[in-house]
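Have a look at the structure below, then the notes.
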Amino acid sequence: MKKILITGGAGFIGSHVVRLFVTKYPNYQIINVDKLTYAGNLANLKDIENKPNYSFIKGDIVDAAFISELFSIHTFDSVIHLAAESHVDRSISNPLEFVMTNVIGTVNLLNAAKNEWKDNFSAHRFYHVSTDEVYGTLGETGLFTETTAYDPHSPYSASKASSDHFVRAYHDTYGMDAVISNCSNNYGSHHFPEKLIPLSILNIKNNKSIPIYGKGENIRDWLYVEDHARAIDVIFHNAKTGATFNIGGHNEWTNIDLIHLLCKIMDKKLNRADGESAKLITFVKDRAGHDLRYAIDSSKLQNELGWVPSLQFEEGLEKTVDWYLSNEDWLNNVTSGDYQKYYEVQYTKR
Ligand code: NAD
Ligand code: TYD
C-alpha cells in the first residue's frame, strides 16, 4: 500500500484532491495534514472521512519538529503539498504569515523528506502545488508558459515563487524527485467566501453589494477545481522528475464580465427579475499591486500527458452556484465568527 501525505487537504483545492485520491485509489493510504486555519474545514471531507484508506492529522507545517517526527513515524512514499496561505488581500495585510507557511513550511517538508528519502530518492516523489501568479502579470496579449520568467508582485505570489525555487533547488542539489505545477484561478464547491466568486455568490444571495476592485478590467483564467485535481493526479503519476507543468482552462474573463454572468445565473436560480442582482455591483478602491491579466498556456500538459479541462465555464459556474445554494449550513458555519471581522476590515471604507 502506497502511503501519501497530502498537506492542506482540508482547504478548497486540497479537499478535492484528497477526495479524488481516496476514492480513485483504494490501495493508497492518504494522510491529510492540515493546521485547520480559517480556510481549513473538515466539513469539506465529510463524505470520505470514514473511508479506511483516509486519515487526518492536525498539525502545522511551520513546526519543524512536528514535521520531522511525522516523516519518521509514517515513512511516506510521496508528498502532495498544497498547504498554504492563499489569499492575496490577506498577504497584503500580513506578509509574514505567508513567509512562514508558504516558504518555511515548504522548506520544513523538503528537509524532512530529504532526511527520510536520501538513500533512495527515485522511489519517492515530492509534488508541489503552485500558482500562475508567480509569473507576475501579462499585458493584453501572450500566455504564461513553463519557461516564463518569475516576476511576482504580491507578498502571496512572492512567497509561492520562493517555495517553487526551494523545491527546484532540492531537485537540482540533492537529486530529490520533485515536480511542480502552476495553476490558474480555480472555482467550484467548498471555496472559502473571501475569493471573488464565492464572496460574490454569498453577497448576491444576501442582497449585499458585490465589491469589484478598480474598474473590474482585470483578467483571470478560470478552471473548475475538479479539473485541477484531475491534472494533479495525471502529473503526480506521469511527470518526469524535475518537471513543471502549467495548468489552466483557456478561459479568460474580465472580473466585471464574470460577475455579470454570475448575476444572470443567480437571478435565474433565485427567481429574481433579469438584471436585479447586477444592481448590487459596486466599484471599490483597487487592490494594491493588482496584476492586470493572468492566462495560461497548458499545451505542454495537454500534449505530453493528455489532460484537458472537462467543463465549459457557464456549466461549471452554474454547478458551483447550485452547490452554494444547497449548502447553507456550510456557508453559515464558515462565515460565523472571524469572517465578519475580516469582512469589515477588508471592505469598510474601501
Ligand atoms: P485554501 O486557503 O483554501 O486552503 C489552504 C489549506 O492549507 C487550509 O486547509 C489551511 O488550513 C491549510 N494550512 C494553512 N497554513 C497551514 C500550515 N501552516 N500548516 C498546515 N496547514 C496549513 O487554499 P487553496 O485555494 O485550496 O489552495 C491550495 C494550494 O493551491 C495552495 O498552495 C495555493 O497556492 C495553490 N493554488 C491555488 C489556486 C486557487 O485558485 N485557489 C490556484 C493555483 C494554485
Ligand atoms: P481572487 O479571487 O482574490 O483571486 P486572485 O487575486 O488570486 O486572482 O480575485 C480574483 C480577481 O477578482 C482579482 O482580479 C481581484 C478581484 N476581486 C474583486 O474585484 N473584488 C473582491 O472582493 C475580490 C476578493 C477580488
Side-chain angles (χ1 to χ4, degrees), residues 6-18 32-42 44-45 57-63 66-67 80-92 97-98 100-102 104-106 108-109 128-134 137 154 156-157 159-160 163-164 181-188 190-200 203 209-223 225 228-229 232 246-248 253-256 258-259 281-287 289-294 296 334 343 346-347 350:
I6 298 186
T7 69
F12 166 47
I13 300 169
S15 62
H16 286 276
V17 174
V18 166
N32 170 18
V33 168
D34 197 297
K35 184 182 173 184
L36 300 181
T37 67
Y38 76 93
N41 185 354
L42 288 178
N44 293 352
L45 293 162
I57 298 171
K58 185 170 190 273
D60 186 346
I61 60 168
V62 176
D63 181 346
F66 161 71
I67 291 296
I80 304 177
H81 173 37
L82 297 104
E85 286 293 335
S86 67
H87 190 38
V88 173
D89 292 327
R90 288 185 193 253
S91 82
I92 295 169
E97 187 90 35
F98 284 67
M100 295 311 291
T101 288
N102 299 0
I104 307 291
T106 301
N108 282 340
L109 288 164
H128 179 59
V129 175
S130 192
T131 167
D132 62 352
E133 303 192 24
V134 298
T137 187
S154 72
Y156 164 64
S157 54
S159 68
K160 290 297 291 188
S163 64
D164 291 12
S181 57
N182 298 87
C183 189
S184 62
N185 287 63
N186 285 213
Y187 71 99
H190 305 91
H191 202 181
F192 192 79
E194 63 184 352
K195 308 275 170 70
L196 179 67
I197 291 180
L199 182 139
S200 302
N203 285 14
S209 66
I210 311 165
I212 303 289
Y213 298 165
K215 295 182 180 154
E217 287 167 346
N218 303 70
I219 293 172
R220 298 292 182 263
D221 175 358
W222 294 93
L223 180 70
V225 63
H228 187 187
I232 289 172
N246 280 356
I247 311 171
W253 288 79
T254 61
N255 293 336
I256 189 66
L258 186 162
I259 293 302
I281 292 173
T282 311
F283 293 96
V284 299
K285 186 165 163 251
D286 208 353
R287 174 186 278 172
H290 197 172
D291 286 333
L292 176 67
R293 175 172 168 256
Y294 303 144
I296 281 276
V334 300
Y343 199 90
Q346 187 61 34
Y347 293 99
R350 211 179 166 113

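Worth saying up front: this structure is predicted, and the values here are computed from it rather than measured. Counting convention: from 1, in listed order, for ligands and their atoms alike.
Atoms of ligand 1 found under 4.0 Å from any heavy atom of G40 (numbered from 1 in listed order, with element): 8 (C), 9 (O), 11 (O). Close contacts of ligand 2 with I212, meaning ligand atoms under 4.0 Å from a residue heavy atom, involve 19 (O). Below 4.0 Å from some heavy atom of K35 lie the following atoms of ligand 1, by number and element: 16 (C), 17 (C), 18 (N), 19 (N), 20 (C), 21 (N), 22 (C). Residue-ligand proximity, N255 to ligand 2, at heavy-atom distances under 4.0 Å covers atoms 11 (C), 12 (O), 13 (C), 14 (O), 16 (C). Those atoms of ligand 1 that come under 4.0 Å of a heavy atom in S184, given as number and element, are 42 (C), 43 (C). Residue contact check: Y347 has heavy atoms under 4.0 Å from atoms 21 (C), 22 (O), 23 (C), 24 (C) of ligand 2. In the vicinity of E194, heavy-atom distances shorter than 4.0 Å reach the ligand 2 atoms 24 (C). Near N185, meaning under 4.0 Å from one of its heavy atoms, ligand 1 places the atoms 40 (O). Near C183, meaning under 4.0 Å from any of its heavy atoms, are these atoms of ligand 1: 42 (C), 43 (C). When each atom of ligand 1 is checked for a heavy atom of S130 under 4.0 Å away, the hits are 43 (C), 44 (C). Of all atoms in ligand 2, listed by their number and element, those nearer than 4.0 Å to a heavy atom of H290 are 13 (C), 14 (O), 15 (C). Taking every heavy atom of V88 and a limit of under 4.0 angstrom, the matching atoms of ligand 2 come to 6 (O), 7 (O). When each atom of ligand 2 is checked for a heavy atom of N185 under 4.0 Å away, the hits are 4 (O), 5 (P), 7 (O), 8 (O). In summary, the atoms of ligand 2 found under 4.0 Å from a heavy atom of P211, numbered by their order in the structure, are 18 (C), 19 (O), 20 (N), 21 (C), 22 (O).
The protein heavy-atom contact nearest to atom 15 (N) of ligand 1 is T101 CG2, 3.5 Å. Among protein heavy atoms, atom 28 (C) of ligand 1 sits closest to L82 O, 3.5 Å. If you check which protein heavy atom lies closest to atom 25 (O) of ligand 1, you get F12 CD2, 3.7 Å. Counting protein heavy atoms only, atom 8 (C) of ligand 1 is closest to D34 OD2, 3.5 Å.
Proximity of T131 to N182: side-chain heavy atoms (C-beta onward) are nowhere separated by under 4.5 Å. In this structure, F283 and I256 have side chains that are in contact, with non-hydrogen atoms separated by less than 4.5 Å. Using a 4.5 Å heavy-atom cutoff, the side chains of R90 and F98 are in contact. The closest side-chain heavy-atom distance from Y343 to P193 is not below 4.5 Å. The shortest side-chain heavy-atom distance between N246 and D132 does not fall under the 4.5 Å cut-off.
In this structure, G9 has no heavy atom closer than 4.0 Å to ligand 1. Under a 4.0 Å heavy-atom criterion, G59 is in contact with ligand 1. Using a 4.0 angstrom heavy-atom cutoff, E133 counts as in contact with ligand 2. Using 4.0 Å as the threshold, G105 has no heavy atom nearer than that to any atom of ligand 1. Residue-ligand proximity: Y187 is placed with every non-hydrogen atom at 4.0 Å or more from ligand 1. Remark: distances from the non-hydrogen atoms of T7 to ligand 1 are all 4.0 Å or more.
Between I6 and the options V129, V17, V33, a side-chain contact (heavy atoms from CB on, under 4.5 Å) holds for only V17. For the pairing with D89, the salt bridge (charged side-chain N to carboxylate O under 4.0 Å, His left out) check across R287, K285, K195 returns one residue only, R287. Between I61 and the choices D34, T101, N102, the side-chain contact (heavy atoms from CB on, under 4.5 Å) rule is met once, by T101.
Of all the heavy atoms of N218, the ones lying under 4.0 Å from any atom of ligand 2 belong exclusively to the side chain. Residue contacts with ligand 1, taken as heavy atom pairs separated by less than 4.0 Å, involve Y156 solely via side-chain atoms from C-beta onward. Under 4.0 Å from ligand 1, not a single heavy atom of H87 appears. Contact annotation: for L36 versus ligand 1, heavy atoms closer than 4.0 Å belong to the backbone alone.
Relative to the six-membered ring of Y187, R220 misses at least one condition, a distance below 6.0 Å or an angle of at most 45° to the axis.
Under the side-chain hydrogen bond (donor to acceptor under 3.5 Å, both in side chains) criterion, N186 pairs with H228, sequence neighbours left out. Every residue two or more places apart in sequence or in another chain was checked for a salt bridge (Lys or Arg N to Asp or Glu O under 4.0 Å) with D164, and none qualifies.
Using modelled atom types and a 3.5 Å distance limit, the side chains of Y347 and N203 yield no donor-acceptor pair. A donor-acceptor contact closer than 3.5 angstrom links the side chains of S163 and H128. Judged purely by distance below 3.5 Å, without hydrogens or angles, the side chains of Y156 and E85 never pair a donor atom with an acceptor atom.
Taking CD1 of I247 as the start and OG of S181 as the end, the distance is 3.5 Å to the nearest 0.5 Å. The SG atom of C183 lies 7.5 Å from the CD1 atom of I232; values are rounded to the nearest 0.5 Å. In this structure, CD1 in I197 is found 9.0 Å from CG in N255, a value given to the nearest 0.5 Å.
If you check each of Y156, F192, Y213 against atom 21 (C) of ligand 2, the one with the closest non-hydrogen atom is Y213. Among L42, N44, I13, the residue whose heavy atom lies nearest to atom 41 (N) of ligand 1 is I13. Checking S86, A84, A39 against atom 5 (C) of ligand 1, the nearest heavy atom belongs to A84. If you check each of D60, L109, I296 against atom 17 (C) of ligand 1, the one with the closest non-hydrogen atom is D60. Considering each of N186, D63, V225, V129, the one bringing a non-hydrogen atom nearest atom 35 (C) of ligand 1 is V129. Ranked by closest heavy atom to atom 19 (N) of ligand 1, the top entry among V62, I61, I104 is I61. In this comparison of R287, K195, H87, the heavy atom closest to atom 9 (O) of ligand 2 sits on R287.
The aromatic rings of H190 and H16 lie perpendicular to each other, with more than 60° between the two planes, well past the 30° mark.
Scanning both residues, S184 and G248, for their nearest heavy atoms gives OG-CA, 3.5 Å.
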